[in-house]
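First comes the structure, then the notes that go with it.
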Amino acid sequence: MGETTIVLDHCGTPLLAHYGGDRAAMVKEWRAHTAALAKCPNVVVKLSGLGMQHSGVHFWRRVAEGRPPSSDELVEAWGPFFRHLIAVFGASRCMFASNFPMDKPSCPYSTLWNAFKKVAAGYSEREARALLHDTAERVYRLAAPRPALAAKL
C-alpha cells in the first residue's frame with residue numbers, strides 16, 4: 001500500500017442520479033465500494049457533502065420554503081452514511097467537515113455542526129474527539145505551535 005494519505009471527500013459522494021432514483025441500489029453499491037476502499041490504510045474520509053442536491057435528500061426544498069431541517073432530521077437522514085463510514089474506516093480515519101457554502105441551500109451551518117456533534121455523541125470520548133478534531137489535525141498537520149516556540153514568535 002502507498003504511504004501517501006488520500007482523503008476521500010464528501011463521504012465518497014453517493015450519487016442518486018446514477019441509479020435512476022433507486023436509493024436502495026445506490027446505498028448498497030456505495031456501502032460495498034466504501035468498505036472495499038476502507039481496506040486501504042492510507043485512505044481517510046471527510047464526513048461531509050451530503051447536503052448537496054445529488055445525494056437524494058432534498059432539504060434544499062424545505063429551506064427554500066423557509067422550513068430548514070433540524071439537526072435531528074439531519075442525523076436521521078445522514079447518520080446511516082456517517083455510521084457506516086465510521087464502522088468501516090474507524091473514527092481515527094474519519095473527520096466531520098462542512099461543505100459550505102455548497103451545503104448552505106440544505107441547512108444552516110450551526111444546524112449541520114449540531115448534527116455532527118449528535119452523531120459523535122454516540123461514540124466514545126476518544127472516538128468523538130477524533131471525528132470532530134484529532135483526525136483533521138493529524139491529516140492536515142494542523143498541530144498548534146509548542147508553547148516554547150510560540151513564545152519566540
Side-chain angles (χ1 to χ4, degrees), residues 1-16 19 23-60 62-63 68-150:
M1 291 291 153
E3 293 181 24
T4 300
T5 299
I6 297 171
V7 178
L8 178 65
D9 206 11
H10 305 323
C11 297
T13 313
L15 298 171
L16 186 59
Y19 294 88
R23 186 172 176 83
M26 176 202 68
V27 170
K28 181 180 179 182
E29 190 166 334
W30 172 83
R31 288 175 63 92
H33 286 241
T34 54
L37 188 57
K39 293 177 183 176
C40 301
N42 61 316
V43 177
V44 298
V45 62
K46 284 174 63 174
L47 305 175
S48 64
L50 294 180
M52 294 185 286
Q53 293 180 16
H54 62 261
S55 71
V57 179
H58 301 293
F59 288 126
W60 57 271
R62 288 184 42 193
V63 171
S70 68
S71 58
D72 289 332
E73 289 174 303
L74 295 180
V75 170
E76 183 179 333
W78 300 342
F81 290 94
F82 297 149
R83 286 188 283 275
H84 165 74
L85 292 168
I86 295 165
V88 298
F89 281 88
S92 67
R93 292 172 53 209
C94 292
M95 58 185 131
F96 284 114
S98 80
N99 185 37
F100 266 68
M102 299 306 293
D103 281 343
K104 187 175 181 178
S106 291
C107 63
Y109 188 79
S110 59
T111 304
L112 175 70
W113 279 96
N114 283 337
F116 290 162
K117 290 186 285 185
K118 287 178 178 186
V119 172
Y123 295 89
S124 72
E125 184 177 336
R126 182 182 57 75
E127 290 168 320
R129 186 167 170 83
L131 294 167
L132 294 165
H133 175 270
D134 292 353
T135 302
E137 180 183 61
R138 184 186 77 250
V139 169
Y140 295 117
R141 299 181 184 112
L142 300 174
R146 294 183 181 163
L149 178 60

Considering all heavy atoms, the nearest P41-R93 contact: O-NE, 3.7 Å
Rounded to the nearest 0.5 Å, what separation is found between the NE2 atom of H33 and the CG atom of L8? 12.5 Å
Gap separating the NZ atom of K39 from the OG1 atom of T34, nearest 0.5 angstrom: 11.0 Å
Assess the residue pair L142 and H133 against the criterion (side chain to side chain contact (heavy atoms under 4.5 Å, CB included)); give the C-alpha distance rounded to whole Å, side-chain angles, the decisive distance to 0.1 Å, and a yes or no. CA-CA 10 Å; L142 300 174; H133 175 270; over 6 Å; no
Residues that F82 engages under ring-ring contact (aromatic ring centres under 6.0 Å, His included), provided they are two or more places apart: F96, F116
Which heavy atom of C107 sits nearest to which heavy atom of W78, and what is that distance? SG-CH2, 4.2 Å
So do V63 and P69 actually touch side chain to side chain, heavy atoms under 4.5 Å? yes
Among residues at least two apart in sequence or on other chains, which ones pass ring-ring contact (aromatic ring centres under 6.0 Å, His included) with F100? Y109
CE of M52 to CG of D103, rounded to nearest 0.5 Å, is 6.5 Å
What distance separates L47 CG from D9 CG, expressed to the nearest 0.5 Å? 10.5 Å
Determine yes or no for a side-chain-to-main-chain donor-acceptor pair under 3.5 angstrom, with T135 supplying the side chain and C94 the backbone. yes
Give me the atom names and distance for the closest heavy-atom approach of E76 to P80. O-CD, 3.5 Å
For the atom pair SG (C11) and NE2 (H84), what is the distance rounded to the nearest 0.5 Å? 10.0 Å
Is it the case that atom CZ in R126 sees more than 12 heavy atoms from other parts of the structure closer than 6.0 Å? no
Got a donor-acceptor contact below 3.5 angstrom from the R129 side chain to the D134 backbone? no
Would you name the heavy atoms of M95 and Y140 that are closest together and state the gap between them? SD-CE1, 3.6 Å
For a 4.5 angstrom cut-off between non-hydrogen side-chain atoms, does E73 reach R62? yes
Given 3.5 Å as the limit, does a donor-acceptor pair link the side chain of R138 with the main chain of A130, or not? no
Testing the basics here: between F59 and S106, what is the closest heavy-atom pair and its distance to 0.1 Å? CB-O, 3.3 Å
Between K118 and L74, is the side chain to side chain contact (heavy atoms under 4.5 Å, CB included) condition met? List the steps. CA-CA 10 Å; K118 287 178 178 186; L74 295 180; over 6 Å; no
If I compare all heavy atoms of Y123 with all of I86, which pair ends up nearest, and what's the gap? CE2-CG2, 3.5 Å
Value for CG (N99) from OG1 (T13), rounded to nearest 0.5 Å, stands at 8.5 Å
Would you check if V75 and R83 make a side-chain contact, meaning some heavy-atom pair closer than 4.5 Å? yes
